[in-house]
Amino acid sequence: MSTRIAFLKGHGTENDFVIVPDPENALDLSPAAVAALCDRRAGIGGDGLLRVVRSAAHPEARVMAGEAEWFMDYRNGDGSIAEMCGNGSRVFARYLQHAGHVTEGDLAIATRAGVKTVHIAKNGDITIGMGRARLPEGDVTVTVGERSWPARNVNMGNPHAVAFVADLAHAGDLYTAPPVSPASAYPDGVNVEFVVDRGPRHVAMRVHERGSGETRSCGTGACAVAVATARRDGADPAVTGTPATYTVDVPGGRLVITERPDGEIEMTGPAVIVAEGEIDAEWLAQTFG
């Protein structure tokens, strides 16, 4: 590993990330290294890490290089690999703009969940094409303490269990993953969303992200919540032919989610780069030997 690593820090509705530019895929960031970088007391701190790699240089992304120049190698805060991160995608796009790789308008980003379309608006908001939701069959239950709720199984390229509750405080501290049954529904773990109504097509949520704990926002989670709420409300754009748009409040801000009649889901929200610098060489050597 290089003795110095450049980094940036960014967030999307306060879902924050360490950004590591690595265009030629030269860095070998182990799970332990990622976890150390994301540590809020001993590292830089973040809900996850975004490694910026040219698609052509990464074995998982080469097949997508013709559609998307850049690959988002996303890792959870504990160092584990994740398929996709919605807020991370917006921050990734903001980094590409910040670095001069792209300008306002449309672009594509390669992820482990496929190629995602992005639009950077003049007002600063970024819209991500999040793909289609899958709604696996079967009953799912989420439990916190003495309370249990039925949950909707929604897959946005990563798995979600969406539970509608009377009070977001019922989600508890969310330091640890809420038990979800049956465990067989989510063999690789699950993101759990707790949702309350705020008004017509307007909800608020809290989330426990697998590998990260409670976060201030979760983009794929907000999409899963919007889809689950629409189905609860009897709205299915594929049936009605009319887009369904929901405002989803998260602890770190607000996202707007639209499901189109063709099933494609779009998420719009802010993304901010707040700092950049270099990881200290001495700390790097002590941490990783």
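What you see below is based on every heavy atom in this structure, not just the backbone, and it leaves out hydrogens, waters and symmetry mates. Just so we're clear, the structure is a prediction, and the values are computed from it rather than from any experiment.
Ring pair Trp70/Phe92: centre-to-centre distance not below 6.0 Å.
Ile126 and Ile273 fall within the same hydrophobic cluster, defined by Ile, Leu, Val, Met, Phe, Trp and Tyr side-chain heavy atoms under 4.5 Å apart, directly or through other members. One hydrophobic cluster holds both Val18 and Val34 under the rule that ILVMFWY side chains link at heavy-atom gaps under 4.5 Å. Two different hydrophobic clusters hold Met64 and Met130 under the rule that ILVMFWY side chains link at heavy-atom gaps under 4.5 Å. Hydrophobic cluster membership differs between Val195 and Tyr186, with clusters built from Ile, Leu, Val, Met, Phe, Trp and Tyr side chains linked at under 4.5 angstrom. Under a hydrophobic-cluster definition in which Ile, Leu, Val, Met, Phe, Trp and Tyr are linked whenever side-chain heavy atoms come within less than 4.5 Å, directly or via other members, Leu174 and Val140 are assigned to the same cluster.
Side-chain atoms of Arg134 and Asn153 form no donor-acceptor pair, as typed in the model, at a separation below 3.5 Å. A donor-acceptor pair shorter than 3.5 Å cannot be found between the side chains of Thr13 and Asn15. For the residue pair His101 and Glu69, no side-chain donor N or O sits within less than 3.5 Å of a side-chain acceptor on the partner.
Using a cutoff of 4.0 Å between basic side-chain nitrogens and carboxylate oxygens, Asp16 and Arg40 are scored as salt-bridged. Ion pair Asp139/Arg152 not flagged as a salt bridge, since none of the NZ, NE, NH1 or NH2 atoms sits closer than 4.0 Å to an Asp/Glu carboxylate oxygen. Here Arg231 does not pair with Asp233 in a salt bridge; the nearest charged N to carboxylate O distance is not below 4.0 Å. Taking a cutoff of 4.0 Å between a charged side-chain nitrogen and a carboxylate oxygen, Arg132 and Glu264 qualify as a salt bridge. Between Glu83 and Arg210 there is a salt bridge, since at least one side-chain N of the basic residue sits less than 4.0 Å from a carboxylate O of the acidic one. Asp125 has no carboxylate O lying under 4.0 Å from a charged side-chain N of Arg90, or vice versa, which leaves the two without a salt bridge. Taking a cutoff of 4.0 Å between a charged side-chain nitrogen and a carboxylate oxygen, Arg147 and Asp167 do not qualify as a salt bridge.
Proximity of a side-chain donor or acceptor of Lys9 to a complementary backbone N or O of Gly45 within less than 3.5 Å is detected. Looking at Arg94, its side chain never comes within 3.5 Å of a backbone N or O of Pro270 through a donor-acceptor pair. The main-chain N or O of Thr229 is never found under 3.5 Å from a side-chain atom of Arg201 such that the two would form a donor-acceptor pair. Using modelled atom types, no side-chain atom of His160 and backbone atom of Val162 make a donor-acceptor pair closer than 3.5 Å. Side-chain atoms of Ser181 do not come within 3.5 Å of backbone N or O of Ala183 as any donor-acceptor pair. Listed for the Ser217 side chain is no donor-acceptor partner under 3.5 Å among the backbone atoms of Glu14. Within the 3.5 Å criterion, the main-chain N or O of Ala56 finds a donor-acceptor partner in the side chain of Arg62. Ser80 places no side-chain N or O within donor-acceptor distance of the main-chain N or O of Asn76, the cut-off being under 3.5 Å. With Asp197 contributing its side chain and His202 its backbone, the two residues share no donor-acceptor pair below 3.5 Å. His208 places a side-chain N or O within 3.5 Å of a backbone atom of Ala177 that can act as its donor or acceptor partner.
Heavy atoms only, all atoms of each residue included: Val102 and Ala93 are closest at CG2-O, 4.3 Å. Here the shortest heavy-atom pairing between Pro261 and Gly241 reads CG-O, 3.3 Å. Across every non-hydrogen atom of Asn191 and Pro159, the tightest pair is ND2-O, 2.9 Å. Among all heavy-atom pairs drawn from Ile257 and Ala222, the shortest one is CG1-O, 3.9 Å. The two residues Thr143 and Pro178 make their nearest non-hydrogen contact at O-CB, 3.8 Å. Contact between Leu8 and Pro21 at its shortest, heavy atoms only, is CD1-CG, 3.7 Å.
Here the side chains of Phe164 and Pro150 are not in contact, with every heavy-atom distance at 4.5 Å or above. Counting heavy atoms from C-beta on, the side chains of Met84 and Tyr74 never come closer than 4.5 Å. Side-chain contact check for Val225 versus Val203: some heavy-atom pair is nearer than 4.5 Å. Taking the side chain as every heavy atom from C-beta outward, Ile81 and Arg112 approach each other to under 4.5 Å. At a threshold of 4.5 Å between non-hydrogen side-chain atoms, the residues Ile19 and Val91 count as touching. In this structure the side chain of Thr215 reaches within 4.5 angstrom of the side chain of Ser212, judged on heavy atoms. Put simply, the side chain of Asp106 does not reach to within 4.5 Å of the side chain of Thr117, judged on heavy atoms. Proximity of Asp188 to Asn158: side-chain heavy atoms (C-beta onward) are nowhere separated by under 4.5 Å.
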Evaluate side chain to side chain donor-acceptor pair (under 3.5 Å) for Glu266 paired with His119, printing each intermediate quantity in order. CA-CA 10 Å; Glu266 296 177 338; His119 180 78; over 6 Å; no

Working note: Val53 + Met72, criterion side-chain contact (heavy atoms from CB on, under 4.5 Å); need CA distance, chi angles, decisive distance, verdict. CA-CA 7 Å; Val53 187; Met72 183 179 77; over 6 Å; no

Give the intermediate values and the outcome of side-chain contact (heavy atoms from CB on, under 4.5 Å) for residues Thr247 and Leu255. CA-CA 6 Å; Thr247 298; Leu255 297 166; over 6 Å; no

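To the nearest 0.5 angstrom, Trp283 atom CH2 is 8.5 Å from Ile5 atom CD1. Within the model, atoms NZ of Lys116 and CE of Met267 stand 10.5 Å from one another, a figure rounded to the nearest 0.5 Å. To the nearest 0.5 Å, atoms NE2 (His58) and CG (Asp22) are separated by 9.0 Å. Here Thr268 contributes atom OG1 and Ile128 contributes atom CD1; the two are 9.0 Å apart, rounded to the nearest 0.5 Å.
Taking a 6.0 Å sphere around CG of Asp39, one finds it holds more than 12 heavy atoms contributed by other residues, nucleotides or ligands.
Ring planes of Trp149 and His170: parallel class, angle under 30° (limits at 30 and 60°).
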